[in-house]
Protein chains: 4
Amino acid sequence: MHKTVKIGLIGGGYIGKTHAIAYRSHPVVFGGRVIPELYMLAERDLAIASERAQALGFARATGNWRDVMADPDIDIVAIATPNAQHKEMALAAIAAGKHVYCEKPLALNADEAREMATAAQTAGVVNMVGYNYLANPLIAQAKIMIDRGDLGEIIHFRGRHNEDYMADPAVPFGWRCDRTLSGTGTLGDMGSHIICMAMHLLGDITSVTADLQTVIPQRKMADGTLRAVENEDQAHCLARFHRGAIGILETSRVAQGRKLGLAFEIVGRTGSLVFDQERMNELKFYRSGNQEGEQGFKTLLVAPEHPDFVNFCPAAGHGLGYNDLKIIEVDKLLAAVEAGALPPVDFEQACKIEQVIDACVRSAETGKWVAPADM
Amino acid sequence: MHKTVKIGLIGGGYIGKTHAIAYRSHPVVFGGRVIPELYMLAERDLAIASERAQALGFARATGNWRDVMADPDIDIVAIATPNAQHKEMALAAIAAGKHVYCEKPLALNADEAREMATAAQTAGVVNMVGYNYLANPLIAQAKIMIDRGDLGEIIHFRGRHNEDYMADPAVPFGWRCDRTLSGTGTLGDMGSHIICMAMHLLGDITSVTADLQTVIPQRKMADGTLRAVENEDQAHCLARFHRGAIGILETSRVAQGRKLGLAFEIVGRTGSLVFDQERMNELKFYRSGNQEGEQGFKTLLVAPEHPDFVNFCPAAGHGLGYNDLKIIEVDKLLAAVEAGALPPVDFEQACKIEQVIDACVRSAETGKWVAPADM
Amino acid sequence: MHKTVKIGLIGGGYIGKTHAIAYRSHPVVFGGRVIPELYMLAERDLAIASERAQALGFARATGNWRDVMADPDIDIVAIATPNAQHKEMALAAIAAGKHVYCEKPLALNADEAREMATAAQTAGVVNMVGYNYLANPLIAQAKIMIDRGDLGEIIHFRGRHNEDYMADPAVPFGWRCDRTLSGTGTLGDMGSHIICMAMHLLGDITSVTADLQTVIPQRKMADGTLRAVENEDQAHCLARFHRGAIGILETSRVAQGRKLGLAFEIVGRTGSLVFDQERMNELKFYRSGNQEGEQGFKTLLVAPEHPDFVNFCPAAGHGLGYNDLKIIEVDKLLAAVEAGALPPVDFEQACKIEQVIDACVRSAETGKWVAPADM
Amino acid sequence: MHKTVKIGLIGGGYIGKTHAIAYRSHPVVFGGRVIPELYMLAERDLAIASERAQALGFARATGNWRDVMADPDIDIVAIATPNAQHKEMALAAIAAGKHVYCEKPLALNADEAREMATAAQTAGVVNMVGYNYLANPLIAQAKIMIDRGDLGEIIHFRGRHNEDYMADPAVPFGWRCDRTLSGTGTLGDMGSHIICMAMHLLGDITSVTADLQTVIPQRKMADGTLRAVENEDQAHCLARFHRGAIGILETSRVAQGRKLGLAFEIVGRTGSLVFDQERMNELKFYRSGNQEGEQGFKTLLVAPEHPDFVNFCPAAGHGLGYNDLKIIEVDKLLAAVEAGALPPVDFEQACKIEQVIDACVRSAETGKWVAPADM
């Protein structure tokens, strides 16, 4: 007999849909020791909730997210709502003794994140944040290679997460432009991904200096009036890592041409790695050595030898897609819930990401290097 | 209320698993007008069937595939078994009035395929063959561009489907090396994919001349003895298309380094397209014209403007994976079953593919150009 | 003291200019054991010859190419004129006891080429044909790797040389469209390059079957009238090699988007190579083996470890250009003249290329496999 | 009659050789209005000078570089010596009324560079610095596209010049590790190239914050003892540009795998450009707009429509090499000498580059943003 865990998902939009696909597919892909049950979907009102529950395959719908917390059968609360709601919902879930699976960024700032991380830790519930790009088997492979020393000591990281979804000045003012609802702009939305990646692969960031810029200062409201954009469109950052490497981090929501422009290059004393999420099934690897006339970057295609991949396909090069990353992420969640495994990014780690973001903001204000830290 | 269609799947291996994932995911991805129900799984014996049914989420299991035909509740029979079984199973399904969704290649040769196509047409059941690479939104986009004349009249096609899964001579003799069980070698296994692609995009092939070669003449049996490989490891073919283009087709199962090496280049009088399945989320497009100093191939990333993609993600560049192609393929199946839509590849079209393969074999024997045809 | 060899160049157009650049640069690049002296330039009349001699740095000019043969001081006759003139000029040079450096293709057909090769051999003069793409250090590296068995026995070659310089139907009728002046169309012009490359790397071609097509049947003459194009715009060919490999060769002068589209892929039993002249400083190499999770094509950048490169630059990745290939080719010529080295492509080898081209033409007429041979 | 300008070259090493090749080739490539005459070569002693003069084709040799200044026939002094000698030699040449063509970086620091720029300006001699990567026709094309607004207002620049020539800790201590002889480390050597490129394309840099790191703190001397490396192996920098863009600059001499890793990405409000010197014949261009389903980066191959290229070849995609850039650079020099054209990088501009480098050094010491400026 399979065991099921009951999921209460708050938010049935684009990201909520990736959750639903992952919950549905996971048992078949990974073989189903534990089966996520699409138990309840919460949306902002019952009509929407009912429509989305039916579309996404949830058995129950509610227009009041607190119903999710109140239902004793629900094991895991998944939060796929705008940033400003994460804190209240997560704290309520923790208070109700639920495991919490929250979308990124965890919070509007490090203070909120700290409160959430502490609450989760105190309650002893599983807590995980949806930094989905880490789930890529090639990122797992990169981490294995780094950790076992294939590249030697790491000395350099350059990463970016750039997209162009707000490059057109005709894109209207939305909640992501509103500091109250979104916190930072591109830093929280996409910068958090590349910061997360950097820290996942290289360890903690101990100091940053940053430059933030709002490129399109005003955008149109629904009524046609202009409203000032309250956060940054692009951000640049120099970073120092705990283990000694230095790095560059960059994010933009106005980078014409980049559609999923999360990319990085890592240099170690004896090798290098290059990755670009737009070619997510490839990892380039350079290893120094005595290969007379045969030095060069090797392009690894994702393959069964890489973590998790074989569950999708037994043959190399039969690539994964964006939605598949969520399926792997859900497997990490289930492993945490069922077997006590450490999630790739728990609230504590996500709090550190928020601290780096906050440090970037403060650095941009002061022009100085700032250490990410509890304040 | 959603309508469900009950699926009876024969074969719970690697390809059967992609079926199961697709049936599970489809309702969430595509919105669920019709929901495929994982009703029954057949395998070669009951123990295996039960294990696979549980793993893949099927409600029932049987060790006798004829049970699938006998169950009046089953709407669609999906056949994911080795090639030599396709004909008997498909004919039985047709005889039972079931819709049939058969994996490629349809049959061991064109004669078998003709019999199957005629039976399906006579019975009036929906019949479709799983040439999954056609389901890619960028292939659909390529077809739109070709059909509306973006490239002008097509004059050239060069395509290949090469992999290296049998490049190692230590790979043992398997059913794919046995002419009785497999028919041709790489021609039927992967060559059929690139022939299918060529005909999907350019129309019928009217003549071929081909060269076939078995590179590794013997392979080891389980008992350690050597057995002669009975079909080709690589095949090259020149082709002429009905509409006037000339082409080159190539396939290999011993092409070191190629993991999913289905790739093609199409030249028209005013433009060109380049595609490589190992970078399945990219399509390169060249358009001639008066762009002083700005001529070049443009790399299109898959995007919501391309067919079907928006069901997976609303944002460009958030790529699809190999398994996602099956979800789109299942959507075509359901559209055929529910709304009478024409499947991308029905038995008739799959029969034409077998005719091209047979023509290649005959050409290789005679050294002459051969017209694919009923014999 | 340096020794000089005096060059008489016939033809001061585009290709003649690459000769002049190479003769000028060679002593500095390669260190000048033997220095090519730009002694005399012949063009179709004296005025043009004088203008071109001054532009290209030749000391003397003549409007009569027979003056080159008559001058006893000239050591090497370089022929950079349209195809139809090669035979008469080369035979005259050989008769005058000159070494001959002839541009490709050697002749209009294999019969002419045979006569030229025999004459050169009888006379004992150095004879070399300008198949410049062979001069690339990465091609030399590829040959080294193939010959020492890095790829195992070669089983497959796929090559093309496609460009789009005649894709526009408004390109006027020129001598390349005239069978009397050009012989074949794209086969002789660019097809000869990829045939040459294939035979350089894999050895002789023993049999071909081919398909030729004229895509734009008429082009405008200077007076505005239309004239029928007399040779092929694109050609496809299956080939068998002496050592057992099978191959595909392709050429087109109407392939939209391809500017220098000479590219090939070679598969051996244990490895593969991929090259594209549009990225002429890269060679991709795949080696099979027990690299758990680290299989992939490696991209080699041209480097001092590769033949000839160090003469240009001591640092890897500081790439060569198209004109640099001619400098290396001239070095091979000088090595042949001074030290009796075997040229990369002598008249005998160039004759074999013409035999393959002729065999393609005959195959296209008969629909059968044809063995390239003296007739 | 052609006019000649007599060149006195100081330094006959690797870079001196690129000079010699360029002087030799220029008249043929560009058509020779003015012909550079390889008049005199100076090296550290007469024996070396004589050997190098003969190898590189210079008519005269001297072991005393002041002979170059003293010879009244010499028009242009070309300086291809280690950094620490640039100032003294350039000032002497200027004092002698010679035009000066100095290799990069101009000086050890901004103070030196300021003195040199002022002297050159006062003397009224042509002065130019050899930032060869600017000479690429595709860089010229990029500048045209930026200046005419094809990308809209530029908002972002990310550039790097990384190589791995000192990544191996066994590379001995050389003059580049010695602050007295080299000034900065990778900043002056390669960082100067990417700073130069950034300012060439985007205009002046007004502020920087930087992080410098010596990764390999000691290297071996010839006698086997270890000596402390006195300057940085890698440097990261955030920059602000005069016209409003923000940028990231990076340089490393220990970046495993990068052989000529000068690369950049430029984002404007309506388009983007991407360039990588390791693929120096390609420029990627993205233009926003209403291209339903056809958005993407276009890869431009170098072509006759791009500045200077047609002098090398009349056909697109017949790429240039590293040494060809020097030929174009020499053409700019001759245009300055003969026609008063503004050199791409004169001493004044090179001084600004040194100011940016100095500002990076000071910023790294203070942790603050620093404005590049005369001090």
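To find a chain, count down the sequence lines: A is the first, B the second, and so on, and within it residues start at 1.
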Quiz item: Should C177(B) and R219(B) count as side-chain neighbours, where that means a heavy-atom distance under 4.5 Å?
Solution: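 They are in contact (side-chain heavy atoms under 4.5 Å apart), so the answer is yes.
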Self-check item: V5(B) and Y39(B), any side-chain heavy atoms less than 4.5 Å apart
Solution: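 Y39(B) vs V5(B): side chains apart.
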Quiz item: Using non-hydrogen atoms and a limit below 4.5 Å, what part of residues 12-21 of chain B faces chain A?
Solution: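 Y14(B), K17(B), A20(B), I21(B), listed by number.
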Quiz item: Taking only heavy atoms into account, what residues of residues 311-323 of chain B are found under 4.5 Å from chain A?
Solution: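 Heavy-atom contacts from residues 311-323 of chain B to chain A are N311(B), F312(B), C313(B), P314(B), A316(B), G317(B), H318(B), G319(B), L320(B), G321(B), Y322(B), N323(B).
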With rounding to the nearest 0.5 Å, note down the distance linking [atom1] in [X] to [atom2] in [Y].
X       : Y       : atom1 : atom2 : result
F264(B) : D276(B) : CZ    : CG    : 10.0 Å
N162(A) : T251(A) : CG    : OG1   : 6.0 Å
L301(B) : E278(A) : CG    : CD    : 5.0 Å

Quiz item: Got a donor-acceptor contact below 3.5 angstrom from the D164(A) side chain to the G257(A) backbone?
Solution: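 Yes, because the side chain of D164(A) sits within donor-acceptor range (under 3.5 Å) of the backbone of G257(A).
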Self-check item: Residue pairs involving residues 303-322 of chain A (criterion salt bridge (Lys or Arg N to Asp or Glu O under 4.0 Å); sequence neighbours excluded)
Solution: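 Listed once each, the pairs are D308(A)-K332(A).
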Quiz prompt | Test: R253(A) cationic atom under 6.0 Å from Y165(A) six-membered ring centre, within 45° of axis | solution =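 Ring-cation test returns no.
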Quiz item: Relative to chain B, which of E163(A), E282(A), Q277(A) shows the most heavy atom pairs under 4.5 Å?
Solution: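 Option with the top pair count is E282(A).
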Self-check item: Portion of D324(B) that has a non-hydrogen atom of chain A nearer than 4.5 angstrom
Solution: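 Contact with chain A involves the side chain of D324(B) alone.
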Practice problem: Please flag which part of F58(B) lies under 4.5 Å from any non-hydrogen atom of chain A: side chain, backbone, both or neither. | Solution: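 F58(B) has no heavy atom closer than 4.5 Å to chain A.
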Quiz item: Just checking, is any N or O donor in the side chain of E329(A) or Y131(A) under 3.5 Å from an acceptor N or O on the other one?
Solution: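 No, no side-chain donor-acceptor pair sits under 3.5 Å.
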Quiz item: For R160(A), which residues count as a salt bridge (Lys or Arg N to Asp or Glu O under 4.0 Å) partner, sequence neighbours excluded?
Solution: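 Salt bridge (Lys or Arg N to Asp or Glu O under 4.0 Å) list for R160(A), sorted by chain: empty.
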Quiz item: Is the closest basic N to carboxylate O distance between E338(B) and K3(B) below 4.0 Å?
Solution: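 Between K3(B) and E338(B) there is a salt bridge, with a charged N closer than 4.0 Å to a carboxylate O.
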